[in-house]
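Just so it is clear, the values below take in all heavy atoms, side chains as well, and ignore hydrogens, waters and symmetry mates. Residue numbers run from 1 in the order of the sequence given.
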Amino acid sequence: IRSISDKPIYVDANQGWPTKEHALMMCQWLAEQGVVMIEQPMPKHMDEEHAWLCERVELPILADEACQTYDDVARLQPYYDGINIKLMKCGGVAEARKMITLARELGMQVMIGCMTETRAGISAATTLSPLVDYADLDGHVLIANDPYDGIQIVDGKLTLVYEITSGGYTETYTYVIDLDDVFASITEYEIGANYTITFTVNPSDAIMFDANLAPWDEKTNSNQEIK
């Protein structure tokens with residue numbers, strides 16, 4: 001990746017590193033490559049090992065598989081730098097909003113992520129993106145037969161296209177979710193005067209590398225269908 005791009009990289013290890021020593025070695029090497037965040041380095045039951053790792057690396061370590069619902073947030077705070085929230089796991093937007101609020105109170109970073117899911121779920125998760133540090137919302141591009149409209153990737157940006165019909169007339173509106181909107185929203189919510197933006201919801205400005213998926217490339221796209 002570094003041979004063709006200098007963009008920020010997020011790495012999801014998907015519990016793939018078996019020991020804390022191996023995880024430390026990988027985190028140190030990845031930091032040298034410009035990686036900015038790592039999800040779930042070791043199996044989710046290894047809480048103490050994740051705490052040990054967080055004390056020794058500068059990269060933020062986020063809980064993914066270990067974080068399911070609101071009840072997990074406070075429990076995970078001693079062991080991780082942050083959490084990854086997915087609507088399909090936590091129960092919806094309202095529950096996710098509660099998780100974000102609690103995580104902020106506990107000084108944790110927050111990511112909004114997704115499964116391989118339709119635009120219905122992705123569009124809902126996008127509404128929370130101004131409140132988080134990292135956004136990984138591209139699960140719908142892996143589906144060839146998505147039955148829903150909603151969020152789209154247009155010119156490398158997450159874009160919401162919607163229609164409003166009134167009095168027999170239909171108007172089409174386009175809302176591009178870009179960094180300017182994120183900055184404005186964070187200012188509006190007053191998350192913190194010294195808040196540092198370390199994320200983007202623009203896929204052209206960051207690369208999300210998942211240990212189980214090849215990086216997305218339109219030229220080599222091999223969509224999978226939901227059965």
Approximate separation, where rounding is to 0.5 Å, of [X] [atom1] and [Y] [atom2]:
| X | Y | atom1 | atom2 | result |
| --- | --- | --- | --- | --- |
| C114 | I151 | SG | CD1 | 11.5 Å |
| L131 | I100 | CG | CD1 | 5.0 Å |
| L59 | M37 | CG | CE | 10.0 Å |
| D12 | Q40 | CG | CD | 8.0 Å |
| E48 | L53 | CD | CG | 13.0 Å |
| I85 | Y70 | CD1 | OH | 11.5 Å |

With side chain to side chain contact (heavy atoms under 4.5 Å, CB included) as the test, would you mind laying out the steps for T118 and H140 before giving the verdict? CA-CA 5 Å; T118 68; H140 63 290; 5.9 Å; no
Looking only at heavy atoms, which two atoms of [X] and [Y] are closest? And how far apart?
| X | Y | answer |
| --- | --- | --- |
| T126 | P130 | O-CD, 4.0 Å |
| V73 | M108 | O-SD, 3.9 Å |
| C54 | D81 | SG-OD2, 3.6 Å |
| P78 | A74 | CD-O, 3.6 Å |

Step-by-step side chain to side chain contact (heavy atoms under 4.5 Å, CB included) determination, Q68 to C90: CA-CA 6 Å; Q68 303 284 328; C90 76; over 6 Å; no
Are M88 and E117 close enough that some pair of their side-chain heavy atoms sits under 4.5 Å apart?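 SC-SC contact between M88 and E117 confirmed.
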Hey, are the side chains of M111 and L62 touching, using non-hydrogen atoms and a 4.5 Å cut-off?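 In contact.
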Checking T69 now: which residues fulfil side chain to side chain donor-acceptor pair (under 3.5 Å) with it, not counting sequence neighbours?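 T69 satisfies side chain to side chain donor-acceptor pair (under 3.5 Å) with no other residue.
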State which residues pass side chain to side chain donor-acceptor pair (under 3.5 Å) with D146; sequence neighbours excluded, sorted by chain then number.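 R119.
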So, using salt bridge (charged side-chain N to carboxylate O under 4.0 Å, His left out) as the criterion, who are the partners of [X] when residues are at least two apart?
| X | value |
| --- | --- |
| K44 | none |
| R75 | D47, D72 |
| E95 | K98 |

Is a side-chain donor-acceptor pair under 3.5 Å present for E39 with N84?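 The answer is yes; a qualifying pair exists.
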Contacts of type side chain to side chain contact (heavy atoms under 4.5 Å, CB included), residue A125, not counting sequence neighbours: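 So A125 forms a side chain to side chain contact (heavy atoms under 4.5 Å, CB included) with L87, I112, L137.
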May I have all residue pairs that pass salt bridge (Lys or Arg N to Asp or Glu O under 4.0 Å) and include part of residues 54-70, sequence neighbours excluded?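 Sorted pair list: D64-K86, D64-K89.
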Is there a donor-acceptor pair under 3.5 Å between the side chain of T127 and the backbone N or O of A124?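 Pair found, side chain donor or acceptor close to backbone of A124.
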Any donor-acceptor pair under 3.5 Å from R2 side chain to K7 backbone: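 It does hold such a pair.
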List the atom pairs, donor and acceptor, that lie under 3.5 Å between side-chain atoms in residues 18-36 and the rest of the protein, sequence neighbours left out.
unit_1, atom_1, unit_2, atom_2, d
T19, OG1, H22, N, 3.1
Q33, NE2, W29, O, 3.2

Count I, L, V, M, F, W, Y as connected when their side-chain heavy atoms are under 4.5 Å apart, and connections chain through other members. Are I38 and I1 then in the same cluster?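 Yes, one cluster joins them.
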For residues V141 and Y148: do they belong to one hydrophobic cluster (side chain heavy atoms under 4.5 Å, members Ile, Leu, Val, Met, Phe, Trp, Tyr)?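 They do not share one cluster, since no chain of ILVMFWY contacts under 4.5 Å joins V141 to Y148.
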Is there any ring-ring contact (aromatic ring centres under 6.0 Å, His included) pair reaching into [range], and which pairs are they, with sequence neighbours excluded?
| range | value |
| --- | --- |
| residues 77-114 | H50-Y80 |
| residues 99-121 | none |
| residues 87-107 | none |

